[in-house]
Amino acid sequence: MPKSLQPIFVTKSFLPPKEEFYRYIDEIFDSRILTNQGKFVGELERRLGESLNLSHVLACSNGTLALMLALRLAGLSGKKVITTPFTYVATLSAIMWEGCTPVFADIDAETLCMSPESLRECMKRYPDAKGVMPVHVFGNVCDVEAIEAICREFGLLCIYDACHAFGSSYKGRSALDYGDYSVCSFHATKLFHTVEGGCLVVHGDQDAHQARLLRAFGHLGDDHFCLGFNAKLSEIHAAMGLALLPQLQAVIDARRTASLLYDSLLLPDMFARPVLSQNLEYNYAYYPVLLDSEETLLALKQDLARQQIFTRRYFYPSLTTLPYLPDVSREPCPVTEDVALRVLCLPLSTELEKQEIVRITDAANGFFMR
Ligand SMILES: *Cc1c(COP(=O)(O)O)cnc(C)c1O
């Protein structure tokens, strides 16, 4: 197939050199230790902690369960928890599976992360809310200082959904270091992955101990302490993470190069961009653009698809529109409801080539020049 017709997908999972992965797999075949506190999960946790400068990183089977674990650990199960409707549905699912009532604060129109003003408004309407789960959308970092001040003022616990934020830092600290708890996803489509997986970041030894219990059925040997989950990561999944981790800087560098090329080639008047927070070292996890209307978005998306260029509406629809929301969670969030109609993520992956970006931007700019 000529290169000009080969499909370009919105994302393409990055894989380590096979030999690197197989070295770990060979060892797993020799030891027959496949899961349950094996050596590679421990090594992955230790190396993640070292590279991100975090004392307690707990590997989990996926980000969604890690979010549920965090809610339970924070004592928020069954309480009111504030999040935003501009996120992947799993943020909300975790809240609802923990029996919490979700309340939506709106996002900031520029950063697309939770608006601190809207959070404050929410606290006026729902003074019984006990926790907040803001999302570092597209790897951008929330206004962590303003959110922390509000949490302190109202006695809220803060769990960051940092599923997009691996590799992003704010004021020299990993995005995963903010909040009372922080959760990342290591799903295959994320910047760093273990095929399926995720992690929970906690800050004290006591919390770390409790989180380990919750992660593995709530018991140690024959002593049962609490109602637990099975949220363990397997040794094989940890092996993927260990093989990929040395590539992390190269992954981020490649995505930065691709993003900057997009910036330089796209017509700036047609493709608005979210605003990155100040003092952010960005991970270039996604390449979202904001179009002027949903009508433009749909026509552009279709036009690109005809040329084998596949984009994704992300996040769409606004979670305020979900059919299974409790009625109290249905208050409108006008910024999200507008933005969710107009955001489109263009293809971005570690191995995306320069000529592919030229093909994408020629097609996208061409749509507006006809
Ligand atoms: C991917 C993602 C999740 C869910 O993570 P899984 O590992 O797929 O369970 C949650 N929140 C956000 C913002 C995500 O992007």
Side-chain angles (χ1 to χ4, degrees), residues 10-14 41 44 48 57-72 81-98 100 102 104-105 107-108 111-114 131-142 144 147 158-168 175-176 178-179 181-201 215 229-234 236-238 240-241 244 255 274 282-288 312-319 322 336 339-340 343 345 348-349:
V10 69
T11 183
K12 187 164 157 191
S13 295
F14 185 62
V41 167
L44 180 66
L48 288 173
V57 179
L58 280 94
C60 294
S61 49
N62 59 64
T64 308
L65 271 169
L67 286 169
M68 291 169 67
L69 238 148
L71 286 162
R72 188 154 295 210
V81 173
I82 302 172
T83 186
T84 66
F86 192 66
T87 177
Y88 185 55
V89 71
T91 316
L92 179 74
S93 318
I95 291 173
M96 291 181 67
W97 277 121
E98 277 306 301
C100 306
F104 290 124
I107 55 170
D108 178 272
T111 65
L112 311 186
C113 294
M114 182 179 279
V132 57
M133 189 179 280
V135 184
H136 298 309
V137 174
F138 299 137
N140 203 357
V141 170
C142 296
V144 287
I147 290 173
C158 182
I159 301 169
Y160 278 107
D161 180 337
C163 286
H164 288 184
F166 194 88
S168 280
L176 274 60
Y178 291 89
Y181 305 92
S182 182
V183 167
C184 197
S185 167
F186 301 154
H187 182 257
T189 56
K190 309 293 206 262
L191 181 131
F192 167 78
H193 73 90
T194 58
V195 186
E196 291 276 359
C199 73
L200 167 64
V201 174
R215 180 176 64 176
F229 296 91
N230 178 4
K232 290 174 277 118
L233 191 71
S234 84
I236 295 181
H237 291 88
M240 178 61 83
L244 270 176
R255 300 173 86 102
Y282 186 46
N283 65 0
Y284 300 90
Y286 299 88
Y287 197 90
R312 182 179 297 158
R313 300 186 76 175
Y314 198 52
F315 305 105
Y316 174 83
S318 164
L319 298 185
L322 294 187
T336 298
V339 163
V343 174
C345 283
L348 184 61
S349 58

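Count residues from 1 along the sequence. Every number for a ligand or one of its atoms is a count from 1 in the order of the listing. Being a predicted model, the structure only gives us computed values, none of them experimental.
- At the top of the distance list for atom 1 (C) of ligand 1, counting protein heavy atoms only, stands Lys190 NZ, 1.8 Å.
- Not a single heavy atom of Phe138 sits closer than 4.0 Å to an atom of ligand 1.
- Contact annotation: for Asn62 versus ligand 1, heavy atoms closer than 4.0 Å belong to both the backbone and the side chain.
- Judged by distance alone, the side chain of Asn62 and the main-chain N or O of Gly197 form no donor-acceptor pair under 3.5 Å.
- Between Gly63 and ligand 1, a contact under 3.5 Å exists for at least one N or O pair.
- Of the heavy atoms in Glu196, none comes closer than 4.0 Å to ligand 1.
- Other residues, nucleotides and ligands place no more than 12 heavy atoms under 6.0 Å from the CZ atom of Arg312.
- In this structure, atom 13 (C) of ligand 1 lies nearest to the protein heavy atom Asp161 OD2, 3.5 Å.
- Here Thr64 has heavy atoms under 4.0 Å from ligand 1 in both its backbone and its side chain.
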Going through the distances and angles, do Thr91 and Asp161 end up as a side-chain hydrogen bond (donor to acceptor under 3.5 Å, both in side chains)? CA-CA 7 Å; Thr91 316; Asp161 180 337; 2.8 Å; yes
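- Atom 10 (C) of ligand 1 has its closest protein heavy atom at Cys163 SG, 3.5 Å.
- In terms of polar-atom proximity, defined here as any N/O pair under 3.5 Å, Ser185 does make such a contact with ligand 1.
- Contact of the Leu92 side chain with the Thr87 side chain is not registered, since no non-hydrogen atoms from C-beta on lie closer than 4.5 Å.
- In this structure, Gly197 is part of the shell of residues with a heavy atom less than 4.0 angstrom from ligand 1.
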Between His187 and Thr189, is the side-chain hydrogen bond (donor to acceptor under 3.5 Å, both in side chains) condition met? List the steps. CA-CA 6 Å; His187 182 257; Thr189 56; 2.9 Å; yes
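- Residue-to-ligand polar distances keep Tyr88 apart from ligand 1: every N/O pair is separated by 3.5 Å or more.
- Under the 30°/60° scheme for interplanar angles, the aromatic rings of Tyr314 and Tyr286 are found to be tilted.
- For a threshold of 3.5 Å applied to N or O pairs, the pair formed by Tyr286 and ligand 1 contains no separation below that value.
- Closest heavy-atom approach to atom 15 (O) of ligand 1 within the set His187, His164, Met133: this belongs to His164.
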